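Chain A is the first sequence line, chain B the second, and so forth, proteins listed ahead of strands; every chain is numbered from 1. Computed from a predicted structure; not experimentally measured. Because only heavy atoms are used, hydrogens play no part in the values below, and waters and symmetry mates are left out as well, while side chains stay in.
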Protein chains: 2
Amino acid sequence: MKHTIHTLNKAFDHRVRLGVMAVLLGQSDPVSFNELKETLDLTDGNLASHVAALEKAGYVQVSKQFVGKKPNTTYTPSSEGKQAFQEHLNALEKLLRG
Amino acid sequence: MKHTIHTLNKAFDHRVRLGVMAVLLGQSDPVSFNELKETLDLTDGNLASHVAALEKAGYVQVSKQFVGKKPNTTYTPSSEGKQAFQEHLNALEKLLRG
DNA sequence: TTATCAGCTTTGCAAAACAAAGTGCTTTTA
DNA sequence: TAAAAGCACTTTGTTTTGCAAAGCTGATAA
């Protein structure tokens, strides 16, 4: 019965990134920077750095447009992101059930 | 629908500490340093520092005895540890289900 | 007596986390 | 029209965390 914590994905091994993924996957529509920021109660810089990490890993896609005259950045999970996250959750469950 | 990642317990917000708790809670008997080390595949120092953190938080109890003539350190989750861990898992589930 | 085991502690470095302030651009608002 | 405010960052600087590797202690086995 190997408790291999090493199959947990480091990209998701932090509450902020976990929260970001949970929010994105819980919504069928893209989620904006400000929605994320308020939902997760984070500072701008903190959120920006964590989503940047997820983007760099290829787990979220970023799209920038204008809503009316206001800039609006939204995030969606990529298909690799969805899969990697699911695998992470599976590994978590496995770990927690021995 | 508040995705409050802030209810996650920082003491368990790391794969090693998560693994330690999972192992300890999965076993009805105390678990030795070496069992933990092998099960989780960690170096001495790394394991030592993480269990020290859990001990400092009051989440695991440490007992030192001799088995035959060899020293043997074992770990058990405290009742606060069990409760806190359960709450952490509840918070996790809640987060993951919106 | 040299080596080995258990269980740490120390050292030293690198990466990560975070808050706070700054930035550039646009748009309200007074 | 000048000041304020919103969006989405980036930069700066500090603190915290993680980790491997080496060292250490006290005991035993070879």
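- Residue Thr73(A) has a polar side-chain atom (N or O) positioned under 4.0 Å from OP1 or OP2 of dC9(D).
- For the pair Leu42(A) and Val51(B), nearest-nucleotide mapping onto DNA chain C gives the more 5' position to Val51(B).
- Look at Asn72(B) and you won't find any side-chain N or O under 4.0 angstrom from OP1 or OP2 of dA6(C).
- Within the 4.0 Å cut-off from OP1 or OP2 of dA16(C), not a single side-chain nitrogen or oxygen of His14(A) is found.
- As rounded to whole Å, 13 Å separates atom C1' of dG18(D) from atom NE2 of His6(A).
- Nearest nucleotide to the side chain of Val16(B), out of dC18(C), dC9(D), dC19(D): dC19(D).
- Distance, Asn46(A) CG to dC18(C) P: 5 Å, rounded to whole Å.
- Residue Tyr75(B) is in sugar-phosphate contact alone, with no base atom involved, counting any heavy-atom pair closer than 4.0 Å across all strands shown.
- A sub-4.0 Å separation between OP1 or OP2 of dC19(D) and a side-chain N or O of Thr43(B) is absent.
- The side chain of Arg17(B) places no N or O atom within less than 4.0 Å of a non-bridging phosphate oxygen (OP1 or OP2) of dT17(D).
- Among the heavy atoms of the strands lying under 4.0 Å from Lys69(A) are primed sugar atoms or P, OP1, OP2 only; no base atom is included.
- For Ile5(A) and dC19(D), the CD1 to P distance is 8 Å, given to the nearest whole Å.
- For the pair His6(A) (side chain) and Asp41(B) (backbone), a donor-acceptor distance under 3.5 Å is present.
- Using a 4.0 Å cut-off, no side-chain N or O of His50(B) falls inside it from OP1 or OP2 of dT17(D).
- The base of dC8(C) sits with one of its N or O atoms less than 3.5 Å from a complementary donor or acceptor on the side chain of Asp44(B).
- Checked by atom type and distance alone, the side chain of Ser78(B) pairs as donor or acceptor with a backbone atom of Gly58(B) at under 3.5 Å.
- Between the CG atom of Asp41(B) and the P atom of dC19(D) there is a distance of 12 Å, given to the nearest Å.
- At a threshold of 4.5 Å between non-hydrogen side-chain atoms, the residues Val60(A) and Met21(A) count as touching.
- Ring to ring, Tyr59(A) and Phe85(A) are not that close: their centroids are 6.0 angstrom or more apart.
- Here Asn34(A) reaches the OP1 or OP2 of dA8(D): one of its side-chain N or O atoms lies under 4.0 Å away.
- Using a distance-only test at 3.5 Å, with no hydrogens or angles considered, a donor-acceptor pair links the side chain of Arg17(B) to the main chain of Ala11(B).
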